[in-house]
Amino acid sequence: MSKPYAIGIVGVGPRGLAALESLFLVKSNSKASLDLHVKLFEASPYPGAGQIWTPDQVETNLSNIHERNLSNDLAGRPAINIGAIFIPEFPGYADWLTDRKDAPANASKDHFPARSKLGIYLYERFLTIYDALKGQNKAELFSAEIVQIDANEQSGIIITKDAQQHTVDEIVLTIGHQPTYDSEQLQLWDTHAKQNNLKLYKDPYPVGALETDAITPETKIALRGFGLSMVDQVRALSIGFGGSFVPIADSVELNYIPSEEAPRELVAFSLNGLPPVPKPFSGEIDSWFKPSEEELKLLIQAVEQAEANASTISDASFLIEAIAQITSSVYKRLGSKAKATDLSADDLTELTLQVIKKPDSEHTLLVSTKKDTLEAMLLYLHMAYGITEISLDYCLGQVWRFALGVLYHDYTYMNLGDDAMVDVVKYIEASKRYSYGPPVKSLQQLIALIKAGVLNLDFVADPEISLVPEGWQLRKDGKTIVVQVMVNSVIDAPQLAKVSSPLIAHLRTDKRVDAVSYKLGLHTLEDGRIISKGGNTHQNIALLGRLAKGSVVGVDDLIECFGKPARKWAEGVLNRN
């Protein structure tokens, strides 16, 4: 009897689950006689969900994907039959909700589930395939952190933190957020906090760590960053301490009702001080911004022409020009729902292109980046509800979101040179203040906290920060405040050079990986196999996930974890053997 072909899957969050499913789905449709055995490595207690989607996190952590999108696009797994192996089907998200009798009660607005709820879905989905494979001795699960991988042409060795070694034929890294080296600022703050018995939360998650007796109503807390993670932390520091938000009659705003235990002053700040921009309130309003099939063809043609002429493409002009043209068309179609303009379609396209290249551009069709922060937040809230004229920048952000859906699903691996990919990623990241905007409820809660005098925005745009024995002193426009707790809510980008985990550090030292650029992740082939520093494309190590940013573009999307990259990797495994 031939020896089974052993696959090591390192990191079993959603991507690891998708890789496992894809491997056996492809195997069931393949004529290959390869006898597979999978070794799974996951340190968190909920494989399939991993650390980000763990079911036991606080309920205040909301997904940034609404139930409508999850129900439409997170498909289930069909039943799989391979000889004696039977893997039962698992429902898509919509049917799973129906089975749980857990569908949102109000279908007229978009509902954003708790991350823990999605974690339950992912964990249950993992168990059904793992139990079936384990029963046939086709899979093993190890609760272990991996610190090193050694590989040669014949095999790979996976080494755990407790020095256990596992030999496999090939390895796929499906790792998500990795620890990074502290910035110089965080290093100074860490030393300061330890010397003065202060509290610094260097990692945004788990936010449940903030729900501690060490934080009292009198504790002043600063939040570094003004994005999605900050919203989770603010909820933990308000709802997590017994506070609540209640609707205001005949208004789209909420009132904040503090508890006796909740901290009374939170201070938010970031480099630019620009607030997050919410997604539309409902599917109906969202549809206003959906490009037509003809408009999306402009995007598809632009990408495919760029790939066909990759040697001549050095930047993202092909992409942003298409986005600008589509946005112009969508904005014109909004009619009276948008700010009035007498600009021609071509002039509107040029203005949109200018805004993409220079987001702080000023124009009457835009919400000024110099506008008072609370006023801007209220404007965007009203746009999300469709009760005030839509600005061009808001429209552009929503068009970007639809465009990213196409790119992530169909063109996640663009066959372009490094310079072009760096530029593509730059513009995608710049769009995320809008395209990855929070649920409307999140903005309503922030506004309520500001109006209640709890969330202080006096220092929101790049304050001067001094270290004092009592904590951190923030200074801006003649105002000063000292906070005793500093919370970092900035999640570092997936830059290979900044990752501090022993696993990636070893691969770098061993020259088995090569960065797309110092700002991005590593080089991979379309099937996920890692390209070495010396250009070796035949390594038996693959990577699917955030650290491939630059080789692929759709690395932060839960739904696309179950998309093309995992299938391409699985097909590669079977085709090579």
Requested in this report: Look only at the side chain of Ser431 and the backbone of Gly397, and say whether a donor-acceptor pair between them is shorter than 3.5 Å.
Outcome: no

Query raised in the report: Any donor-acceptor pair under 3.5 Å linking the side chain of Ser22 with the backbone of Ala18?
Result: yes

Query raised in the report: Would a 4.5 Å heavy-atom cut-off, applied to side chains only, mark Asn488 and Asp203 as touching?
Result: no

**Report entry** Minimum side-chain heavy-atom gap Ile65-Ile559 below 4.5 Å
**Finding:** yes

Report summary line: Heavy-atom closest pair (Ala268 atom, Leu455 atom, distance to 0.1 Å) is CB-CD1, 4.0 Å

Requested in this report: Could you walk me through whether Ser391 and Asp393 pass side-chain hydrogen bond (donor to acceptor under 3.5 Å, both in side chains), step by step?
Outcome: CA-CA 5 Å; Ser391 64; Asp393 56 303; 2.7 Å; yes

Query raised in the report: Any sub-3.5 Å donor-acceptor pair from Thr412's side-chain atoms to His409's backbone N or O?
Result: no

Query raised in the report: Quick one: CG on Leu74 to OH on Tyr93, what's the gap to the nearest 0.5 Å?
Result: 8.5 Å

Query raised in the report: Mind checking whether Tyr121 and Trp96 have parallel, tilted or perpendicular rings, split at 30° and 60°?
Result: perpendicular

Query - Asn64 side chain vs Tyr436 backbone, donor-acceptor pair below 3.5 Å - result: yes

Query raised in the report: Can you tell which of Asp458, Asp477, Leu474, Val267 makes a side-chain contact (heavy atoms from CB on, under 4.5 Å) with Pro463?
Result: Leu474

Report summary line: What one should report as the nearest heavy-atom pair of Ser328 and Ala345 is OG-O, 2.9 Å

Query raised in the report: Which distance, rounded to the nearest 0.5 Å, do you find between the CG of Leu274 and the CE of Met377?
Result: 11.5 Å

Query - Minimum heavy-atom distance Gly225-Val490, with the two atoms named - result: CA-CG2, 3.9 Å

Report summary line: Taking every heavy atom of Ile285 against every heavy atom of Ala384, the minimum-distance pair comes out as CD1-O, 3.5 Å

Query - Heavy-atom donor-acceptor pair, Thr98 side chain to Ala94 backbone, under 3.5 Å - result: yes

Query raised in the report: When you check the gap from the basic side-chain N to the acidic O, do Lys564 and Glu571 get nearer than 4.0 Å?
Result: no

Query raised in the report: If we only count heavy atoms from C-beta on, is the Arg235 to Leu62 side-chain gap below 4.5 Å?
Result: yes

Requested in this report: Would you please test Leu443 and Val440 for side chain to side chain contact (heavy atoms under 4.5 Å, CB included) and show each step?
Outcome: CA-CA 5 Å; Leu443 202 71; Val440 161; 5.9 Å; no

Report summary line: All heavy atoms of Tyr434 vs all of Gln398, minimum pair found to be O-NE2, 4.2 Å

Query raised in the report: Does atom CD of Glu526 have more than 12 heavy-atom neighbours, drawn from other residues, nucleotides or ligands, at distances under 6.0 Å?
Result: yes

Query - Short side-chain to backbone donor-acceptor contact, Asp527 and Trp569, under 3.5 Å - result: no

Report task. State whether the side chain of Asn309 and the backbone N or O of Thr312 hold a donor-acceptor pair below 3.5 Å, judged by distance alone. Result -> no

Query raised in the report: Taking it one step at a time, do Trp288 and Val330 satisfy side chain to side chain contact (heavy atoms under 4.5 Å, CB included)?
Result: CA-CA 8 Å; Trp288 298 355; Val330 170; over 6 Å; no

Query - Test side-chain contact (heavy atoms from CB on, under 4.5 Å) applied to Tyr331 and Leu351, Leu392, Thr349, the passing residue - result: Leu392

Query raised in the report: Between Ile323 and Tyr427, is any pair of side-chain heavy atoms under 4.5 Å apart?
Result: no

Query raised in the report: Just wondering, do Phe289 and Ile390 contact through their side chains at under 4.5 Å, heavy atoms?
Result: yes

Report task. Determine, stepwise, if the pair Glu21 / Leu17 fulfils side chain to side chain contact (heavy atoms under 4.5 Å, CB included). Result -> CA-CA 6 Å; Glu21 290 185 345; Leu17 169 59; 3.8 Å; yes

**Report entry** Derivation and outcome, side chain to side chain contact (heavy atoms under 4.5 Å, CB included), residues Thr369 and Glu362
**Finding:** CA-CA 8 Å; Thr369 57; Glu362 294 290 325; 3.7 Å; yes

Report task. With rounding to the nearest 0.5 Å, note down the distance linking CG in Leu544 to CZ in Arg15. Result -> 7.5 Å

**Report entry** Pairwise distance OG1(Thr352) to CG(Asp347) - rounded to 0.5 angstrom
**Finding:** 10.5 Å

Query raised in the report: Okay, side chain of Glu389, backbone of Ala340: is any donor-acceptor separation there less than 3.5 Å?
Result: no

**Report entry** Backbone N/O of Glu253 and side chain of Gln444: donor-acceptor pair under 3.5 Å
**Finding:** no

Query raised in the report: Do the non-hydrogen side-chain atoms of Ile447 and Leu378 ever get within less than 4.5 Å of each other?
Result: yes

Report task. Step by step, work out the side-chain hydrogen bond (donor to acceptor under 3.5 Å, both in side chains) result for Tyr411 and Glu304. Result -> CA-CA 9 Å; Tyr411 301 98; Glu304 293 183 348; 2.7 Å; yes

Query raised in the report: So which of Asn61, Asp232, Thr54 actually passes side chain to side chain donor-acceptor pair (under 3.5 Å) with Arg115?
Result: Asp232

Query - Side-chain ion pair, Asp462 and Lys476, N-O less than 4.0 Å - result: no

Query raised in the report: Is Lys332 atom NZ crowded by more than 12 heavy atoms from other residues, nucleotides or ligands, each under 6.0 Å away?
Result: yes

Requested in this report: Mark yes when over 12 heavy atoms from residues, nucleotides or ligands other than Lys441 sit less than 6.0 Å from its NZ; otherwise mark no.
Outcome: no

Report summary line: Value for CD (Glu321) from CD1 (Ile356), rounded to nearest 0.5 Å, stands at 9.5 Å

Query raised in the report: Quick check: are there more than 12 heavy atoms from other residues, nucleotides or ligands sitting under 6.0 Å from CD of Gln185?
Result: yes

Query raised in the report: Do Pro439 and His66 touch side chain to side chain, with heavy atoms closer than 4.5 Å?
Result: no

Query - Pairwise distance CG(Leu122) to SG(Cys561) - rounded to 0.5 angstrom - result: 8.5 Å

Report task. State, to 0.1 Å, how close Phe245 and Gln445 come at their nearest heavy-atom pair, and which atoms those are. Result -> CE2-O, 3.4 Å

Query - Ion pair check, Glu67 and Lys117, cut-off under 4.0 Å - result: yes

**Report entry** Heavy-atom side-chain contact between Leu446 and Pro276 under 4.5 Å
**Finding:** yes

Query raised in the report: Are any of the side-chain nitrogens in Arg401 or Asp286 under 4.0 Å away from the carboxylate oxygens of its partner?
Result: yes

Requested in this report: Go through the steps to decide whether Asn456 and Glu265 satisfy the test side-chain hydrogen bond (donor to acceptor under 3.5 Å, both in side chains), and finish with yes or no.
Outcome: CA-CA 7 Å; Asn456 183 340; Glu265 187 155 22; 3.0 Å; yes

Requested in this report: Look only at the side chain of Tyr394 and the backbone of Pro278, and say whether a donor-acceptor pair between them is shorter than 3.5 Å.
Outcome: yes

Report task. Begin with the C-alpha distance, continue with both residues' side-chain angles, and end with the deciding distance and a verdict on salt bridge (Lys or Arg N to Asp or Glu O under 4.0 Å) for Glu295 and Arg333. Result -> CA-CA 12 Å; Glu295 288 160 352; Arg333 193 161 61 246; 2.6 Å; yes

Query raised in the report: Looking at Tyr201, does the NZ or CZ of Arg224 lie under 6.0 angstrom from its six-membered ring centre and within 45 degrees of the ring axis?
Result: no

Requested in this report: Flag the pair Tyr385 / Phe281 as yes when their ring centroid distance falls below 6.0 Å, and as no otherwise.
Outcome: yes

